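This one's a predicted model, so the numbers in the text were calculated from it and none came from an experiment.
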Amino acid sequence: MTTPSLPTAVGLSPLVRSLVLIAAAIGFLFDTYELLMFPVIGAQALSELLQVEQNSTDVRLWAGRMLWMAALSGGIFGLFGGVLVDRFGRKTVMVGSILLYSLSPVAAAGSTALWQFVLFRCTTFIGVCVELVAAVTWLAELFEDKRQRERAIGWTLAFASLGGILVTEVFNAIVAWLEYQPQGWEWLNQVGISPTPWRYTLLTGLVPGVLILLLMPFVPESRIWREKKLAGTLRRPRIAELFSPELRRTTMVTTILSACSYGAAFGALQLGPSVMVAGLPEVQQARLEAREKTSSLQATLKSLPAEERRHVLEQLQQAQTAVPRLIDDKRGQMQRWQEIGGLTGRILFALLVVYVASRVLIRLFLIPGLILFPLTYGVLYYGDFALFCLALFLCGLVTVAQFSYVSEYLPKVFPLHLRGTGSSFATNIGGRMIGTMAAVINTELLAPLFTGENPHRVAWAAAVIGTAVYALALLASFFLPPPRQEND
C-alpha cells in the first residue's frame, strides 16, 4: 500500500497547505478532547459536587442529563453557528468557536456548584458543535480536487480520535501525579481550584486556543466562498431552504444518519466509563472485600489503645480508597480502548473513502454494529474485562468511523451557500440534539425498566439502544442521495 500524498489546494504554497492541515488536525483533535472529558471526569465531578458516591442513582441520572443538556445547547446554538459559517466565513467562525471551547473548561474547573459545571459544559459543547462544521466546510473548499479533498478531510478527521486517547492519558497522568503530590499547585489552591483530577484535567482545555491563535494568521479563508462574497453573488443562507423539494430528502437522510451515530455514542459508549464502570465484576468484588476489611479494621480499632491505632488507621484509609482507585483505573482502560477503536475506525475510513462507494462504505460499519452492541453490553460486560475491552474497541471503531463518514459526506450534498447551514442541521439537530437524547433515554427511561444495580441497568439499556440505532441507520443508508456537482 502506498503512503497517501500530501493533499494539494489551488493557489496555496506547500507551507500554507501544511499549516492548513495542521490547523484542521488540531481543531479536530481538541474537539474530541474537550467533548470526551466528561466520560472521563464526569462521575468524579458529579460525586464531589452532589456529595454522593460515584455509583449512586444521582450520579447515574445527572450523567445522562448532562450529556443531553450539553448536546441540546450545542445543537441549538450550533445550528445558528452553521448559518454564521455561511454568512461570515468558514475560518472566522472556526477561530471563534475554538476560543469558546478552550476557555469554557477553564471556567468549569473552578465550579463550586452543579449549575456552574453544567453551564460551562454547555458552552464547551457549543464551541465544539460549531467548530466541526466550520472546519470541514473550510477544508472541503480549500481542497477542490475530489480525491485530494477526501484524503485531506479523512486524514485530518482521524486526529479527532487521538483527542479521546489524549484526554484519557492526561487524566491518568494527573491521577498518578496527584498521588505523589496531593496538594497540587499551591497557586491554583489560592484561586479556588482544589487538587482533584477532574479539575486539573479541565484546565488543560486551554491548550487548543493557544495553538490556534498562533496558526490562524497564516492560513487563508475559503477561496470559493470569499470570491462569491466579494462579487455579491453568494446567496443568503435560509434554514427553510433545507426542506425545499430539492433538498428535503438530503436533509432528512443525513439527519437520521447523524442522529443514529450519536445515539450509539451517547446512549452506550460514553456511559461506559462514567456509569457502567462501577458495576464491573472486578469492581463489585473489590467493593465487597473493602467492606469486609473496613468492618474488621473498625472492630479492631475499638479494642486497641490510642497509641497503637496509627497503623490500623492507615490500613483503614487504604481500604476505604481502594474501590475509587480501582474505578478510576478501569475507567481509564475502558475509555482508552474505545478511543483506540475510534482512531482505528477513522484511519480505516480515510483509507477506504477514495476507493469505496458511499452506500457500500457506510454499510461496512453498520452491519457489524448490529451484532457488536447487544453482544458487548448484554453479554461481555458481565464477564472477562479484557474481552469486554476488546469489544469496546470494535464498538468504538464502527461508531466513530460513521462520524468521519457523515462529516466528509455532508459538504458534497449541500450547495455552497448552504454547506455550513445544511451540515450544521444534520450534525447538530440530528446528532447533537436528537442523537444525544439517547443518554437520557438510557438513564431515565430504559434503565429503570431493568433489574439489578444502576450500572447493570444502564448496560442493558445500552444494548437495546445500540441495536436500534444501527438498524435504523442501515435502513436510512438505502436512501442516501448522490453528491452534487463540484462547487454547486
Side-chain angles (χ1 to χ4, degrees), residues 75 78-79 82 132-133 136-137 140 146 149-150 153-154 157 237-268 345 348-349 352-374 397-438 441 464-486 488:
L79 175 60
L132 176 64
V133 170
V136 172
T137 307
K146 179 179 180 295
R149 178 176 62 244
E150 289 172 342
I153 295 175
L157 279 171
R238 294 185 302 112
I239 296 175
E241 192 176 345
L242 298 177
F243 297 94
S244 64
E246 181 187 6
L247 292 175
R248 187 182 300 124
R249 174 184 166 189
T250 299
T251 301
M252 293 179 65
V253 174
T254 55
T255 299
I256 290 171
L257 283 177
S258 186
C260 289
S261 59
Y262 278 86
F266 279 74
L348 188 58
F349 169 82
L352 295 176
V353 65
V354 179
Y355 306 105
V356 181
S358 290
R359 291 186 178 183
V360 176
L361 181 57
I362 188 66
R363 291 171 197 156
L364 290 178
F365 302 113
L366 291 174
I367 293 173
L370 276 173
I371 302 170
L372 283 169
F373 273 80
L397 186 156
V398 296
T399 300
V400 176
Q402 293 175 65
F403 293 158
S404 284
Y405 176 89
V406 172
S407 295
E408 191 276 333
Y409 179 76
L410 286 170
K412 301 189 295 188
V413 291
F414 287 104
L416 177 67
H417 73 288
L418 282 174
R419 279 180 184 163
T421 306
S423 297
S424 187
F425 187 93
T427 302
N428 293 322
I429 300 299
R432 312 287 189 179
M433 288 182 63
I434 299 174
T436 55
M437 287 177 63
I441 291 172
V464 173
I465 290 171
T467 305
V469 296
Y470 267 82
L472 179 59
L474 182 61
L475 177 63
S477 71
F478 289 91
F479 299 93
L480 285 169
R484 302 174 65 87
Q485 294 294 321
E486 296 291 322
D488 185 7

*Check the pair Thr254 / Val406 against side-chain contact (heavy atoms from CB on, under 4.5 Å), numbers first and verdict last.*
CA-CA 7 Å; Thr254 55; Val406 172; 5.7 Å; no
*Can you tell me how far CG of Leu361 sits from CD of Gln402, rounded to the nearest 0.5 angstrom?*
10.0 Å
*asked:* Restricting to non-hydrogen atoms, name the atom on Ile434 and the atom on Ala259 that form the minimum distance, rounded to 0.1 Å.
replied: CG2-CB, 4.2 Å
*Tyr405: what forms a ring pair (Phe, Tyr, Trp, His ring centres under 6.0 Å) with it, not counting sequence neighbours?*
Tyr409
*side chain to side chain contact (heavy atoms under 4.5 Å, CB included) partners for Thr255, two or more places apart*: Thr251, Phe425, Ala426
*Any chance you could measure Thr250, atom OG1, to Leu480, atom CG, to the nearest 0.5 Å?*
9.5 Å
*Point-to-point distance, once rounded to the nearest 0.5 Å, from OG of Ser423 to CG of Asn428*: 9.5 Å
_Residue list, side-chain hydrogen bond (donor to acceptor under 3.5 Å, both in side chains) with Thr421, at least two apart or on another chain_ = Asp86
_Quick check: closest heavy atoms across Glu150 and Val354, and the distance to 0.1 Å?_
OE1-CA, 3.6 Å
*Specify the closest pair of heavy atoms between Arg249 and Phe479, including all atoms of both residues, with the distance to one decimal.*
NE-O, 2.9 Å
*If you look only at pairs with a residue in residues 357-371, which of them pass as a side chain to side chain donor-acceptor pair (under 3.5 Å), with sequence neighbours excluded?*
Arg363-Ser477
*Supply the atom-to-atom distance Ser424 OG to Ile429 CD1, rounded to the nearest 0.5 angstrom.*
7.0 Å
*Are Val398 and Leu366 close enough, and set up right, to give a side-chain contact (heavy atoms from CB on, under 4.5 Å), and what steps lead you there?*
CA-CA 7 Å; Val398 296; Leu366 291 174; over 6 Å; no
*Not counting sequence neighbours, which residues clear side chain to side chain contact (heavy atoms under 4.5 Å, CB included) with Ser407? List them please.*
Leu132, Val136, Leu157
*With sequence neighbours excluded, what pairs up with Ser261 under the side-chain hydrogen bond (donor to acceptor under 3.5 Å, both in side chains) test?*
none
*Name all residues meeting the side chain to side chain contact (heavy atoms under 4.5 Å, CB included) criterion together with Ala264; count only those two or more places apart in sequence or in a different chain, and write none if there are none.*
Phe373, Thr399, Val469, Tyr470
*When rounded to the nearest 0.5 angstrom, what distance separates CG in Leu348 from CG in Leu352?*
4.5 Å
_Nearest-0.5 Å distance that lies between atom CG in Leu410 and atom OG1 in Thr427_ = 5.0 Å
*Does anything in residues 398-410 pair up under salt bridge (Lys or Arg N to Asp or Glu O under 4.0 Å), and if so which pairs, sequence neighbours excluded?*
Glu408-Lys412
_Once ring pair (Phe, Tyr, Trp, His ring centres under 6.0 Å) is applied, do any residues pair with Phe365, and if so which ones, sequence neighbours excluded?_
none
*Which residues satisfy the side-chain hydrogen bond (donor to acceptor under 3.5 Å, both in side chains) test with Glu241, sequence neighbours excluded?*
Arg235, His417
*Which pair of non-hydrogen atoms, one from Val133 and one from Gly420, has the smallest distance, and what is that distance?*
CG1-O, 3.5 Å
*Can you name the closest pair of heavy atoms from Ala438 and Gly263 and give their distance?*
CB-O, 3.5 Å
_I'd like to check the ring pair (Phe, Tyr, Trp, His ring centres under 6.0 Å) partners of Phe349; sequence neighbours left out, ordered by chain and number._
none
*Applying side chain to side chain contact (heavy atoms under 4.5 Å, CB included), name anything that partners Ala476, two or more places apart in sequence or on another chain.*
Ile256, Leu257
_Nearest non-hydrogen partners of Ala401 and Gly345, listed with the distance_ = CB-O, 3.6 Å
